[in-house]
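Heads up, the thing below is written out as structure tokens.
Computation of the quantities below employed the complete heavy-atom set of this structure, encompassing side-chain atoms and omitting hydrogens, waters and symmetry-equivalent molecules. Numbering of residues begins at 1 and proceeds along the displayed sequence.
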Amino acid sequence: MGRGNIEIKRIENSTNRQVTFSKQWAEIIKKAREIDVLCDAEVGIVIFSSGGKLYDYYSPRTRLSRILEKYQTNSGKILWDERHKKWQ
């Protein structure tokens, strides 16, 4: 028998919230690696924790900047313009 549905809401206890974040992050990375290997896809993930810390993952055979350039090209959304390229 499967688990029942739970309400998705913010975890109030900061310790429990951090533990849940760590577990969820590990699961997201596991899935990203599976998609990368099984489907030969380029994967990039960027997450900022509630404390402002940066967590990222990208396929080992590529660079995050390449993934972001492809996203910008395919989505039509401007992530940076010419004046920001010098900061790369």
### Message
Which residues pass the side-chain hydrogen bond (donor to acceptor under 3.5 Å, both in side chains) test with D40, not counting sequence neighbours?
### Response
R61
How many angstroms lie between atom [atom1] of [X] and atom [atom2] of [Y], to the nearest 0.5 angstrom?
X   : Y   : atom1 : atom2 : answer
I67 : Q72 : CD1   : CD    : 14.0 Å
I11 : N16 : CD1   : CG    : 6.5 Å
S22 : Y55 : OG    : OH    : 6.0 Å

### Message
What verdict does the side-chain contact (heavy atoms from CB on, under 4.5 Å) test give for L68 and Y58, after you've listed the backbone C-alpha separation in whole Å, the side-chain angles of each residue and the deciding distance to 0.1 Å?
### Response
CA-CA 11 Å; L68 293 175; Y58 53 92; over 6 Å; no
### Query
Does the pair K31/E34 count as a salt bridge with the N-to-O cut at 4.0 Å?
yes
### Query
Under the salt bridge (charged side-chain N to carboxylate O under 4.0 Å, His left out) test, which residues partner E12, sequence neighbours left out?
R10
### Summary
Nearest heavy-atom approach of N13 to T15 is OD1-N, 2.9 Å
### Query
What closest approach, in Å, do S59 and A41 show between heavy atoms, and which atom pair accounts for it?
OG-O, 3.5 Å
Cluster question for you: counting only ILVMFWY and a side-chain heavy-atom cut-off of under 4.5 Å, with indirect links fine, are [X] and [Y] together?
X   : Y   : value
V43 : V46 : no
I28 : L38 : no
V19 : I29 : no
L64 : L54 : yes
I35 : W25 : yes

### Query
Hey, are the side chains of K23 and E27 touching, using non-hydrogen atoms and a 4.5 Å cut-off?
no
#### Entry: Minimum side-chain heavy-atom gap Y57-D36 below 4.5 Å
yes
### Query
Is the number of heavy atoms from other residues, nucleotides or ligands under 6.0 Å of R17 CZ greater than 12?
yes
